Each structure stands twice: as structure tokens, then as C-alpha cells.
Amino acid sequence: MFTDQPADANDGIVDAMTNQEKVDLLSGFGMWKTAGIPEHGIKPVIMTDGTYGVRYSIPQIDSDERGGMDLDAFLSVVNQRASDVAIAWGEMKPATCFPNGSAMGNSWDEALMQRLGTLLGRECRAMGVHLLLGPGINIRRTPLAGRSYEYYSEDPLVTGKLSAAVIEGIQSQGVGTSLKHFACNNSEVERTTMDSIVDERALREIYLKGFEIAIKQSNPWTIMSSYNRLNGVQASQDPWLLDDVLRKDWGFEGVVVSDWHGIKDRPASLMAGGDLDMPESPRRKADLLAALDSGAVPAATVDLSCRRMLDLIALCHKGAEGAVPAYTADEHHAEARAMAAASMVLVRNEGLLPIQPQMRRIVVVGRDAGTPVIQGSGCATTIPTMVDQPLEQLQKVLSAEQTLTFRTEADAETLELAASADLVLVYTSTEGAYDGEGSDRTTLTLGPGQDEMIAALAAVSDKVAVIIACPDAVEMPWIEKVGAVLVTFYSGQAMGGAVADVLTGAVNPSGKLSVTFPKRLTDVPGFLHYPGENGQHVYGEGIHVGYRSYDMREIEPLFPFGHGLSYTTFAYADLSLSATEIGLNDAIAVAFTVTNTGDRAGAEVAQLYLQAPGKRLKRSPQELKGFAKPLLQPGESRRIEITLKGSDLAIWDPALKRWVLEGVEARLVVGASSRAAQLTADLKLKPSVLPFRRLAYDTQPAYVLPNAIACEGICAYLTARCNISPEDAMRMLQHCSNSFFGIFTSLERRLRLSIPEAEVAHLIEEINAAMDATEARL
């Protein structure tokens, strides 16, 4: 599998281990390590959090004390607020705080994400970390979710492809990753006990799809199970999730590690496919040892997990060989600045930006211009190597003739200054004191008083530009009254310089929203079901998550999925398909031309959507199926080609337990956002499934009569049973067309005879088998 050692080498080690040693191998040692077992040449692995920056706890990692047994030590990490991060100096090693996941998701740039992974891997190598616990890729189902700032998108394709690129970058440096949290950790409310009730289609098409894409493309060394229950089963103990789907369906061969203290029943978790229990828990270790000694957990199951762990350990220590790549804090800070600038989204611009030389009097309002909000709170919080102050960075890039006046609030004097200013820049943020890991947001408004501040400034000036630092979507009740809005999300330690670059046009904004911004909280899909009750959270919107729901319900968002403005303009032309129809096992090339029609260099996120009507199974009005981000000089054109596989267009059929294509006339749409179509082309989806339900005893006639296979089988039965002609048998079927009873009950009434369910059970099996055989030939 992973290791260079022959399989029998690990088998020999496992065979020589005692049950206690096996339990030690499959459990944490303290908070951030696995156990070393010198007697068998087994070295420890060091891991730490870090979805956007390496979080190295000096006392918890460098000490041999078993800090992981101390719940206070764990909670001190989880509950740390980003605003209090400075107090950890001396206890945490500084690391580059790159833009958070919700910011980087707006880049739509796989190459940039791979570069992020490479830099994270280098910093891990420099600190001696073998395994980085990320990226986190749970779907941003609701903008209230406390950990939304770590995650990339509401769409599984963006989520999967961007996370795969990060994983490839990190692992290219010999450092492992832990793709998390598997699965449906989409809220922080009662997060260790909440039961996420999700239908099978939504699971497969939305919440698991990003994991599937990332795993198949990048092969992460580990997967981290989530805290929550999923459809009644603890995710860390779910054999369907961890074995049937993850290993059997997707072919994952690596280690499944628990979220910290996420296992309730250790023997059950191991039996389900959970290999490594983190952090160390004497109780859970004793429970597993007792189960192994008694035979309640088969030795073969434990041995398989031990071999996976030995493979992982070998990978980690092989990756740690060789020279550590050299870098400086300044170099990584500069790269973080470029990443932040490439991820910020200019959602509104009425010709106010970029800042022009004739804008001499600039008023800057808001405390965030002096003390920026750069990251979220919780396990991912990073001690930055340095932090740009936005006001200072802006002053550096302005000319000597341009003056900045800084005010922290919109008092009477500030309003007077704003009224005569050439430009008013308002730096704002959401209230982050209690939002983050372990606590969802309660509102989509900005921090206390900030919406009122913006409205007051907009009332005296039509030259107001708002800069917003936020974990996810926010409401903007003042949107029509301001000239520009730049959403930075949480852009990391170089946020201040990156904002200055975008405001002045040194960097042309190219980020596009990877989530929909609603006008109001009540528009959010799932609003009526959030956050659940009595320990259950029903995902009642099913597959209609994010933009899919806004499209289905015909709700106008504040800003649509995929939206983002530029200082230049782009034109789309010449959409072509290599074929006009596609089957489940086919592939086609979709090509189109993007031209920069403006006078500045810029990058454009071009998006490809499928619009396909449902037949037996509903579909969302449109689904993202591809994207590209070409960087173009003024006047330059680029031919973009996206390969579409038939399997990329498939939907999950819960009745058949497989991916299918229904035969329909569909359309491909190339757009600048989900609501800005530029080009269209027709595409026929060839069926891989019959458009009929499988037959059951109580299937209504309306669903039987269109099915020639079912009609033929039932008519043959009636011909033999009633001694009538095939034509008469078919007429009897047709006479049942308006019945709301099952087909065989309806025939009983028509023919005045008894048709017991047992009598036709074999017939039903034969008809369904014939349908299966027909589909196999499609």
C-alpha cells in the first residue's frame, strides 16, 4: 500500500506485538503524538492542527508528559478565541497565518491551493511535524456554522478539487494530511452528540461528494471522522460510513483517525474501521484491551488497523528524511499576501474603486483598520509570524499627495469629514468574540453598531467603500447606498497589505464567492430546520443546498454563488462540445474562449453548469460541473477546455444504490456566476437506467403501465392464470390505470380473484431482474 517495506515485514511486527502494544499503537500518546514502541522499532508520529497555519503547542508536543489526558489542556486549545491569540506567545511556535478556508475558497484556483499546501508542508517540516490535521472540507450548509471559516464552499465540486490541491501540496513535502471532518459536521450546536439526519441522495451528492473527489484525486494519508452522529450512528463508529463507503466504494487504504475525544465506544469504532483513537484516553485504551483479550474484537481486525498504522508511520518518517526546505518568515508572508489578494471578492463597485490619484482626501473609519480580524477561533487558530496593520499598509501604497484621516467611529466630526472626502473607506467585521469552534453564529449582521455606522456615513457621502472581514456570508441592509464593497473573509496575517493592493489596483480582484450571500437569514436553505431539536438536526432541504436551493425556490440572493467583480471586463465566445450526447461511461470536451476586453490584466473564474430536468428523480435547476481561472492580459484571448465525464453528471439513485444517468435533453451553461449565463449548448444525456421504478406488490398502476417489461411479465402471468389472451390481459391492465391501489390489488378487484403476495413474489423478482439486465446493456 503506502510503505516501501514488503507486506510480510509489517505482518511480522504485528505478529510479535502483545495486545497491550497493539492497543498502544492504535491510541494517542498524550495530545499530539502516537506511541513509540522501541521494542519493535516503531517511532512516534507528531501531528497538529493547521488548516491554514501550523499550530505547534510547545508544552504539549515537546514534553513527554501525557498532556492529552488533561481535558483542560484540550479545551484551552479548542476554546481559544482568535482575539486572544496573543496571550499564547511563548507557548505556541509562530507560523504563517495564511488566509482561512472560507477566504481561499473564493480563489477557485487549484494551482494556488497546491502552493498553499506546499508552504504549509514546508513549515511542518521545519517544526518536525509529520501529520497536519487538515484540510477541513465540510459543506457550508448554513453561514451560521461556527467552523465555516475553515471550510471552502457550499458546493462539493469546488470543495473537492480545492482540497485535493492542498493535500497534494502538503504531501509533496513528505508531510501527511487528515481530510476532515467525515461527515456532516455542518454546525457546532451540540456537536459531539447531534444526530445529523440526512437522506441518502443528499449524502452522496452533496456532503460526501467533496470527500470522494479529494480522496480519489489526492490520496490523503489519513481521514478524520467527525464528532456528530449520522442518521443515528456515531460517525466515528459507523461501519457504513468508514468501511462500506470510504474503503469499499472509494478504495481508501489509509488510516482513519478520530476527532479529539470523538469516540464514545472504542471497540465499536475499531470494528467499524476507526484505526487511531486521539488523543490518549486511559479509559478507552482499557476498553479496547479488554475487548481484544476477550475476543469481542477479533484479532484480525486489530491487526489490520495495526498494519495501516505501521504504513502511516513509515510514510511519515520517510517524508521527514532529507534537508528541510529553507524559507524565511518574510517570504511566506509575501506569499500569504498574494493569496489573500487573489481570494478577496469585490461584490459591488459603482465605479468607486480602484483608488485614483485625484482622490486626495481619504477618510478611513473603523477600528478594524487598526486591529484587523484575520482568522477564526478554535483549534485552527494560528500564532502569526507578523500581522499587517491595514492603515499602515494603505498609507505605504498611496502617493504623498494623498492624505489619510483615521477615525474609529462615525461621530459628528467623522461625518463632517466624510461629507467632504474624496473617498471613505470603512473597515468592518462580524462579532467574533463567541463565534468559532464550538459555537455557531447567531446572526448574519456585522458587529454591534457597524451596520448603523455604515448607514450614517452613506447618508452624507456617495463615495463610501466598505471592507468586510467575516467568516461567512453577512447581511448588508445598506448595500444600495454605498459605492463599493470588498469582502475579505478571514484573510490571514497579510490581510492589511492585501486589501491595500486590491483597493489601489496593484492587484486586480479576481475572487468569486464560493457561497451564496442571502439578503436575510430566513432565505438560507435549511433555515426552518436549523439547528434541530431533541438532539436531531434534519437536513430537510435534501440535495437543494446553497445556490441549488435559491434557484429551485426562485429566491433572489444578495449576491449569487460564483459572483465577483474585476477592474477589467471579460467576454465569452465560441462554446463547442466534442459530442452532443454523453453516456455514464463516456467523456466529452467542452471548449470556449474567454477574452480580456478591458485595459488591465486580470483573472476570470469561468464556471460550467449543467441544467438537466429530472424524470423519476428530481434534480436541482443547475449544478456546477467545472471551472477554470485563466489570467489574461488586456486584449488576450484564451481557449478553455474542460473535460466532462458522464459520471460527473450522474445522480445517486437510493433505490438502486448506485450512480445513474436518466435519459434527458439537458443544457450546458458557461457563466461568470451561477446567475450570469454567457454561453449555452444542448447536451443529450444517454440513460444508464430505465425511467421506471422497480416493481413491488403495491406499486400503483400508473407506475406500471409505462413499463413495457413489467407489463409483459404481468400479462404473461394473467394469460396463464386466467386462461385469457395476451390482448385481453393487457386490456385488464389498462382498465386499472386510474386505480390508486397497488397493481395486484387492482387486478384482484377487476378479475374477482385472489392474488396473494407470495404467489407473485417470484414474478416480481423476475421482472426486476429483467430490468436490471436491460439497464446493464444501456
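Position 1 is the first residue of the sequence; numbering continues from there. On a predicted model such as this, the values are computed, not experimentally measured, just so you know.
Ionic pairing of K625 and E623 is present here: one or more N-O contacts between side-chain nitrogen and carboxylate oxygen are shorter than 4.0 angstrom. Under a 4.0 Å N-O distance rule, the pair R548/D155 qualifies as a salt bridge. Ionic pairing of E662 and R619 is not present here: no N-O contact between side-chain nitrogen and carboxylate oxygen is shorter than 4.0 angstrom. A salt bridge links R638 with E636: the distance from a Lys NZ or Arg NE/NH1/NH2 to an Asp or Glu carboxylate oxygen falls below 4.0 Å. Under 4.0 Å is where a charged nitrogen must lie from a carboxylate oxygen, and between R675 and E556 at least one such pair does. A salt bridge between R348 and E350 is present, with a side-chain N of the basic residue lying under 4.0 Å from a carboxylate O of the acidic one. Between R115 and E335 there is a salt bridge, since a side-chain N of the basic residue sits under 4.0 Å from a carboxylate O of the acidic one. Salt-bridge check for K645 with D586: failed, with every basic side-chain N at 4.0 Å or more from each acidic carboxylate O. The pair K216-E212 counts as a salt bridge, with a side-chain nitrogen and a carboxylate oxygen less than 4.0 angstrom apart.
The two residues L346 and L486 have their closest heavy-atom pair at N-CD1, 3.9 Å. When all heavy atoms are compared, the tightest approach of G370 to Q389 is O-CG, 3.1 Å. The two residues V54 and E123 make their nearest non-hydrogen contact at CG2-CB, 4.0 Å. Y567 and N508 get closest at one heavy-atom pair: N-OD1, 2.8 Å. Taking each heavy atom of L610 and A666 in turn, the nearest pair found is CD1-CB, 3.9 Å. The two residues Y490 and P471 come nearest to each other via the heavy atoms OH-CD, 3.3 Å.
No side-chain donor from either of R667 and T680 sits under 3.5 Å from a side-chain acceptor of the other.
With hydrogens and angles disregarded, no donor-acceptor distance shorter than 3.5 Å links the side chain of D368 to the backbone of P372. The closest donor-acceptor contact from the side chain of E150 to the backbone of R147 lies at 3.5 Å or more, if one exists at all. Between the side chain of T595 and the main chain of T597, no donor-acceptor pair closer than 3.5 Å is present. Between the side chain of Q393 and the main chain of A498, no donor-acceptor pair closer than 3.5 Å is present. Not one N or O on the side chain of N100 forms a donor-acceptor pair closer than 3.5 Å with the backbone of S102. With hydrogens and angles disregarded, no donor-acceptor distance shorter than 3.5 Å links the side chain of E401 to the backbone of P357. Side chain of S172 to backbone of G169: a donor-acceptor contact under 3.5 angstrom is found. Remark: side-chain polar atoms of S148 are paired, donor with acceptor, to backbone N or O of A145 under 3.5 angstrom. Side chain of S218 to main chain of A214: a donor-acceptor pair is present (N/O by atom type, distance under 3.5 Å, no hydrogens or angles).
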### Task
May I have the step-by-step check of salt bridge (charged side-chain N to carboxylate O under 4.0 Å, His left out) for D501 and R337, ending in yes or no?
CA-CA 9 Å; D501 291 339; R337 179 169 177 162; 2.8 Å; yes

### Task
Determine, step by step, whether V524 and T516 satisfy the side chain to side chain contact (heavy atoms under 4.5 Å, CB included) criterion, reporting the C-alpha distance in whole Å, the side-chain angles of both residues, the deciding distance to 0.1 Å, and the verdict.
CA-CA 9 Å; V524 172; T516 306; over 6 Å; no

### Task
Might you work through the side chain to side chain contact (heavy atoms under 4.5 Å, CB included) test for S163 and Y152, ending with a clear yes or no?
CA-CA 8 Å; S163 60; Y152 297 132; 3.8 Å; yes

### Task
Just do the side chain to side chain donor-acceptor pair (under 3.5 Å) check on T568 and N596 with the steps written out, would you?
CA-CA 7 Å; T568 190; N596 183 341; 2.7 Å; yes

### Message
Test side chain to side chain donor-acceptor pair (under 3.5 Å) on Y609 and Q611; report intermediate values, then the result.
### Response
CA-CA 7 Å; Y609 295 87; Q611 296 179 351; over 6 Å; no

### Task
Begin with the C-alpha distance, continue with both residues' side-chain angles, and end with the deciding distance and a verdict on side chain to side chain donor-acceptor pair (under 3.5 Å) for T177 and Q171.
CA-CA 7 Å; T177 58; Q171 295 186 170; 2.7 Å; yes

### Task
Before giving the answer on side chain to side chain donor-acceptor pair (under 3.5 Å), spell out for S510 and K629 the whole-Å C-alpha distance, their side-chain angles and the decisive distance to 0.1 Å.
CA-CA 9 Å; S510 63; K629 190 177 183 179; 3.1 Å; yes

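At most 12 non-hydrogen atoms from other residues, nucleotides or ligands lie less than 6.0 angstrom from CD of E554. Around the NZ atom of K686, the shell of radius 6.0 Å holds more than 12 heavy atoms that belong to other residues, nucleotides or ligands.
Between W108 and F561, the two ring planes are tilted [angle within 30° to 60°]. Under the 30°/60° scheme for interplanar angles, the aromatic rings of H332 and F98 are found to be tilted.
Two residues are said to be in side-chain contact when any heavy atoms from C-beta on lie closer than 4.5 Å; D523 and P557 fail this criterion. Counting heavy atoms from C-beta on, the side chains of S514 and R140 come closer than 4.5 Å. Two residues are said to be in side-chain contact when any heavy atoms from C-beta on lie closer than 4.5 Å; D551 and Q622 meet this criterion. Residues S647 and N585 are not in side-chain contact: their nearest non-hydrogen atoms beyond the backbone lie 4.5 Å or more apart. Residues Q493 and D388 have side chains not in contact (no heavy-atom distance under 4.5 Å, counting atoms from C-beta outward). Using a 4.5 Å cut-off on side-chain heavy atoms (C-beta onward), R125 and V175 make contact. Looking only at side-chain heavy atoms (C-beta outward), V594 and S637 stay at 4.5 Å or farther from each other. With contacts defined as side-chain heavy-atom distances shorter than 4.5 Å, the pair V485/F559 does not qualify.
A cation-pi arrangement is present between K209 and W659, with the terminal nitrogen or guanidinium carbon under 6.0 Å from the aromatic centre and inside a 45° cone about the axis. Seen from the ring of Y550, R553 counts as a face-on cation partner, given the 6.0 Å and 45° thresholds.
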